[in-house]
*Asks:* 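Have a look at the structure that comes next, please.
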Number of protein chains: 4
Amino acid sequence: MFFSIDPSNSVAIYEQIVRQVKFAIAEGTLCPGQLLPSVRQLSQQLAINPNTIARAYQQLQADQVIETLRGRGLTVCAGATERCREIRRSLIAQRLRSALAEALHGGLKAAEIREIVKNQLELLSGTVATVASAPNEAGTS
Amino acid sequence: MFFSIDPSNSVAIYEQIVRQVKFAIAEGTLCPGQLLPSVRQLSQQLAINPNTIARAYQQLQADQVIETLRGRGLTVCAGATERCREIRRSLIAQRLRSALAEALHGGLKAAEIREIVKNQLELLSGTVATVASAPNEAGTS
Amino acid sequence: MFFSIDPSNSVAIYEQIVRQVKFAIAEGTLCPGQLLPSVRQLSQQLAINPNTIARAYQQLQADQVIETLRGRGLTVCAGATERCREIRRSLIAQRLRSALAEALHGGLKAAEIREIVKNQLELLSGTVATVASAPNEAGTS
Amino acid sequence: MFFSIDPSNSVAIYEQIVRQVKFAIAEGTLCPGQLLPSVRQLSQQLAINPNTIARAYQQLQADQVIETLRGRGLTVCAGATERCREIRRSLIAQRLRSALAEALHGGLKAAEIREIVKNQLELLSGTVATVASAPNEAGTS
DNA sequence: GTGGTCTAGACCACC
DNA sequence: GTGGTCTAGACCACC
């Protein structure tokens with residue numbers, strides 16, 4: 001698990017950790033049953049106060065993504081992979097929908113939007129083209 | 001000018017005002033030379049702290065969208081209409097692009113994205129054309 | 001709002017606060033739109049660290065029971081009354097069901113259980129009898 | 001003796017062991033005079049830290065349910081069967097009473113409670129009578 | 001060793 | 001004034 005935390009980012013540090021853990025689980029980098037780095041350990045690795053790490057982990061527990069094994073640490077819940085993927089997909093789809101709505105609403109014509117979408121997808125698909133044969137994982141790098 | 005402010009929204013109130021003024025200018029509801037409501041007046045109308053209104057107006061001045069007419073109040077700058085339209089369009093286009101990037105990045109396939117875009121555009125274009133029939137989706141600025 | 005906090009109780013202080021707020025909302029003591037006591041105020045009143053209060057309030061926000069009005073404080077969400085009632089009822093019903101299951105499982109005969117239930121309801125209903133005409137609020141003292 | 005330990009359960013592991021031993025004694029699965037599995041043996045069988053097993057056994061000794069036979073190990077005390085049964089029954093009855101009190105207190109009407117009790121008893125009595133037909137609900141200790 | 005909770009005190013943006 | 005975040009350091013039960 002590698003985290004990259006940016007303390008000057010406007011999203012809170014604990015929230016950055018939450019997202020990166022969910023992302024890692026969705027990606028399969030972190031699997032159900034696996035132990036997370038301990039609060040103290042991660043706190044040292046990232047040079048961040050243990051309380052902040054603990055807060056992120058508490059959030060992840062509330063989201064039913066990880067659970068505590070008494071005295072041993074925190075593990076990824078069974079089913080978390082699918083849950084995290086689903087959360088991600090629906091957040092993304094929703095964000096996409098609202099960006100489209102806002103675009104139409106804010107003066108772009110449907111044709112212009114289609115153009116942007118087409119260009120953007122071609123531009124970005126370059127990276128993805130080679131992975132086209134693996135249906136589910138495409139583009140999760 | 002009608003503003004709708006939501007204090008429980010995560011974007012700051014002053015920022016909501018800034019956006020709505022720029023939007024109204026881009027739309028032509030507010031025209032160059034026109035006087036804005038005074039701080040006190042708007043503060044009363046929205047039941048919001050005058051400092052907050054003042055801050056929004058300062059921001060709009062910094063963005064060169066409004067300017068003070070000494071002793072008379074604040075007016076929309078000449079050229080603000082085009083500038084606001086341009087600001088809006090580029091913000092929107094950028095947001096759209098980043099939503100698309102994130103979507104690809106986060107596991108949606110290009111085909112799925114195209115599908116969402118297509119559906120959404122049909123859905124919303126319909127709504128825009130015949131606003132009255134779809135009551136709820138219309139005003140989601 | 002009166003809170004009674006017991007720091008020697010095994011349930012965490014922040015959790016005691018969370019429960020009492022939900023209870024007060026379910027009861028109607030705290031109504032949608034009403035402001036909660038501020039973090040600092042409650043912290044003084046209960047002689048408890050502000051962080052602990054803040055944590056309780058954050059939990060209540062995550063539970064969609066309260067929401068922040070930027071710069072003004074925290075209010076009870078619309079619909080929170082029903083939500084809190086429903087939460088309470090289902091928690092209680094579930095606890096009751098599992099107590100019954102455990103009782104049967106653990107050696108009490110159905111007849112004994114019925115006896116305990118009957119006695120207990122009679123014993124406790126005394127308090128409630130006079131309120132029998134107000135269907136929904138019965139016994140929420 | 002089969003134990004099923006869940007480290008992600010909120011009740012401590014040593015406490016889970018204590019309860020299961022008492023339960024087994026109350027049920028007659030474990031009889032006075034019988035030797036308990038050694039700390040090491042149980043520790044291996046459950047893949048649990050020996051200290052945790054030792055702590056459970058200490059607790060059971062304090063509760064006068066088991067006692068050490070010098071050099072031989074730990075045995076179930078004489079009279080433990082009845083004591084465990086009694087402990088269990090009174091714990092259960094008390095839990096039931098408090099669940100009922102809380103239910104009344106928390107907004108369920110006496111009639112609703114009677115309904116839940118009735119349904120639950122029918123449901124579970126059925127299950128107990130013909131365990132084999134309802135696979136999942138049987139072992140919910 | 002593990003996480004969970006709490007206090008104390010600081011700084012921030014926002015109103 | 002408001003809440004939100006973070007650090008620092010303590011203590012606890014559990015394993």
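Chain A is the first sequence line, chain B the second, and so forth, proteins listed ahead of strands; every chain is numbered from 1. Bear in mind that the values here come from a model prediction, so they are computed numbers and not experimental data.
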*Asks:* Should the heavy atoms of other residues, nucleotides or ligands under 6.0 Å from CZ of C/Arg72 be counted, would the total exceed 12?
*Replies:* no
*Asks:* How about CD on A/Glu15, more than 12 heavy atoms from neighbouring residues, nucleotides or ligands closer than 6.0 Å, or not?
*Replies:* yes
*Asks:* Just checking C/Gln61: does its CD atom have more than 12 heavy atoms from other residues, nucleotides or ligands closer to it than 6.0 angstrom?
*Replies:* yes
*Asks:* For C/Ile48, which contact category applies under a 4.0 Å heavy-atom criterion: base, sugar-phosphate, or nothing?
*Replies:* sugar-phosphate
*Asks:* Check the phosphate of E/dT5 against C/Arg55, side-chain N and O only, distance under 4.0 Å to OP1 or OP2. Yes or no?
*Replies:*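 Yes, because at least one side-chain N or O of C/Arg55 sits under 4.0 Å from OP1 or OP2 of E/dT5.
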*Asks:* So which atom in B/Leu42 and which in B/Ile53 form the shortest heavy-atom distance, rounded to 0.1 Å?
*Replies:*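 Heavy-atom minimum between the residues: CD2-CG2, 3.9 Å.
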*Asks:* Would you confirm whether D/Gln16, through its side chain, and D/Asp6, through its main-chain N or O, come within 3.5 Å as a donor-acceptor pair?
*Replies:*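 Answer holds: yes.
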*Asks:* What does A/Gln61 touch in the nucleic acid at a heavy-atom separation under 4.0 angstrom: a base, only the sugar-phosphate, or nothing?
*Replies:* sugar-phosphate
*Asks:* For A/Tyr57, report the nucleic acid contact type (base, sugar-phosphate, nothing); a contact means any heavy atom under 4.0 Å.
*Replies:*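 No contact.
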*Asks:* Contact class for B/Asn51 vs. all strands (heavy atom < 4.0 Å): base, sugar-phosphate, or nothing?
*Replies:*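 It contacts nothing in the nucleic acid.
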*Asks:* Any side-chain N or O of C/Thr68 less than 4.0 Å from the OP1 or OP2 oxygen of F/dG3?
*Replies:* no
*Asks:* At under 4.0 Å between heavy atoms, what does A/Ala54 touch on the DNA or RNA strands: base, sugar-phosphate, or nothing?
*Replies:*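 Touches nothing.
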*Asks:* Please state whether the phosphate of F/dT7, meaning OP1 or OP2, lies under 4.0 angstrom from any side-chain nitrogen or oxygen of A/Thr52.
*Replies:* yes
*Asks:* Could you tell me whether the phosphate oxygens of F/dC15, OP1 or OP2, come under 4.0 Å of any side-chain nitrogen or oxygen in A/Arg72?
*Replies:*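 So the side chain of A/Arg72 is outside the cut-off, no N or O lying under 4.0 Å from OP1 or OP2 of F/dC15.
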*Asks:* Classify the nucleic acid contact of B/Ile13 as base, sugar-phosphate or nothing, counting any heavy atom under 4.0 Å across all strands shown.
*Replies:*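 Touches sugar-phosphate only.
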*Asks:* If you look at every strand shown and take non-hydrogen atoms under 4.0 Å, does C/Gln41 touch a base, only sugar-phosphate, or nothing?
*Replies:*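 Result for C/Gln41 = nothing.
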*Asks:* Tell me which of A/Val11 and D/Asn49 sits closer to the 5' end of DNA chain F, going by the nucleotide each one is nearest to.
*Replies:* A/Val11
*Asks:* Sort out the partner of F/dC14 for me: Watson-Crick or G-U wobble, both distances under 3.5 Å, none otherwise.
*Replies:* E/dG1
*Asks:* Under 4.0 Å: is that the gap between some side-chain N or O of A/Tyr14 and OP1 or OP2 of F/dC6?
*Replies:*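 Checking A/Tyr14 against F/dC6: no side-chain N or O falls below 4.0 Å of OP1 or OP2.
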*Asks:* The side chain of B/Ala12 is closest to which nucleotide in this list: F/dG3, F/dC14, E/dC14?
*Replies:* E/dC14
*Asks:* Under 4.0 Å between any heavy atoms, over every strand shown, what does A/Arg40 touch: base, sugar-phosphate, or nothing? Just pick one.
*Replies:* base
